[in-house]
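These notes concern the structure reproduced below.
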Protein chains: 2
Amino acid sequence: MDSAIVKNKSLLLYAGSLAVLMLLLKWLEYRLVIINYSFEIYIGSIALIFTLLGIWLALKLAKPKKEIIIIEKTVEVSGDRPFEINSAAIETMGLSKRELEVLQLMSNGLSNIEIAERLFVSLSTVKTHSSNLFQKMDVKRRTQAIEKAKSLNIIE
Amino acid sequence: MDSAIVKNKSLLLYAGSLAVLMLLLKWLEYRLVIINYSFEIYIGSIALIFTLLGIWLALKLAKPKKEIIIIEKTVEVSGDRPFEINSAAIETMGLSKRELEVLQLMSNGLSNIEIAERLFVSLSTVKTHSSNLFQKMDVKRRTQAIEKAKSLNIIE
DNA sequence: ACAAAATTCAACCTAAAGTATGAATTAAAA
DNA sequence: TTTTAATTCATACTTTAGGTTGAATTTTGT
């Protein structure tokens, strides 16, 4: 839409300039005819004027061609991973909140008794949780559970 | 340097074109004078030719103005770390080759018996290695050893 | 309010992990 | 070559881990 307007503007300007030039030339012609002045100068001036007109026109029309496009392609820098828990894996395994806590503390290197003290529950409770945990995760040992949990990103 | 050559080329082309046009005009002039043809057409053709010449000249000279600069600013992504073992930590702890193997297999979730089978040694040997391992690493359990080893980058 | 799931705990048992001591063999360093 | 460190193994013991059953309580979703 803008280009159309610009083109129209250019055309109007061109038309106007042409009209003015024609008048000028007509005046020059009569003047030259009357006083019988140098014909070559007349032609030369016409050539010069129209050359300049052409240059002006071309510059006017070729103006929007000088485009400068700067594309910044920035990719995120992952210095340290933010760690995003794999909720889907937890869901599919059916791990409960408490079981996850036990799993996390196991991964931190705590024994069952230490976990019990940390969570203010008995050793029996921790054992129950861990046992259910292993069944749900389909592992035999806490070390396997830790390995699997870390590879599945369900603990930190 | 290139722009200078281009300018020279353009000027040479311009000079050549001018010469040819002058000859053409001279020929036209004589022809028109002789047969006394329409003067307006003569002037018009001159105007047209020189307008076109001006346009051509302008486009030729204004050519380097249509610059398209594309700047791609790409930042490196550190997807997965290559993992570099911390030999210094292993040295300071005084861990032997075999102890490291046991530690690695522990971290993979293997039991002592499984480790023994994997390394073709007895369960006693694995127990000895693991026990010495814990003393050297100053930990009480295999889970602690795994945690510490991973944080110190001495195993994968 | 009711049913299902989650959490808690106990008691008993087996398996595995971990400690301690002693010793034989092998590989590497002085 | 001799000494030291590493590797290997056994035996006995203690501690922890893990499994099973059963049950009480709480939370949660319908």
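The basis for the numbers below is simple: all heavy atoms, side chains too, and nothing from hydrogens, waters or symmetry mates.
- Following rounding to the nearest Å, B:Met106 (CE) and D:dA17 (C1') show an atom-to-atom distance of 14 Å.
- Nucleotide D:dT16 holds its P atom 12 Å from the CD atom of B:Gln144, rounded to whole Å.
- Salt bridge absent: B:Glu147 and B:Arg141 never bring a charged side-chain N and a carboxylate O closer than 4.0 Å.
- Atom-to-atom, CD of A:Glu101 to C1' of C:dT7 comes out at 11 Å; the value is rounded to the nearest Å.
- Residue B:Leu133 is grouped with residue B:Leu152 when hydrophobic side chains (ILVMFWY) are merged at heavy-atom distances under 4.5 angstrom, including chains of intermediate members.
- For the pair B:Leu95 CG and D:dA6 C1', the interatomic distance rounds to 13 Å; values are reported in whole Å.
- Contact check, A:Ser96 against C:dA5: no side-chain N or O comes under 4.0 Å of OP1 or OP2.
- The CD1 atom of A:Ile90 lies 10.0 Å from the CG atom of A:Asn153; values are rounded to the nearest 0.5 Å.
- Mapped onto DNA chain D by nearest heavy atom, A:Ser111 and B:Gly94 fall at different nucleotides, with B:Gly94 at the one closer to the 5' end.
- Annotation: proximity of residues 113-136 of chain B to DNA chain C (heavy atom, distance under 4.0 Å) is found for B:Lys127, B:Ser131, B:Phe134, numbered in ascending order.
- Taking 4.0 angstrom as the limit, A:Asn112 places none of its side-chain polar atoms (N or O) nearer than this to OP1 or OP2 of D:dT16.
- Under 4.0 angstrom from either OP1 or OP2 of C:dG18 there lies at least one side-chain N or O belonging to B:Arg142.
- Taken to the nearest 0.5 Å, the NE2 atom of A:His129 stands 11.5 Å off from the CG atom of A:Leu105.
- Atom CD1 of B:Ile146 and atom CE of A:Met106 lie 12.0 Å apart (nearest 0.5 Å).
- When the side chains of ILVMFWY residues are joined at heavy-atom separations under 4.5 Å, either directly or via intervening members, B:Ile115 and B:Met137 end up in a single hydrophobic cluster.
- Atom-to-atom, CZ of B:Arg98 to C1' of D:dT8 comes out at 9 Å; the value is rounded to the nearest Å.
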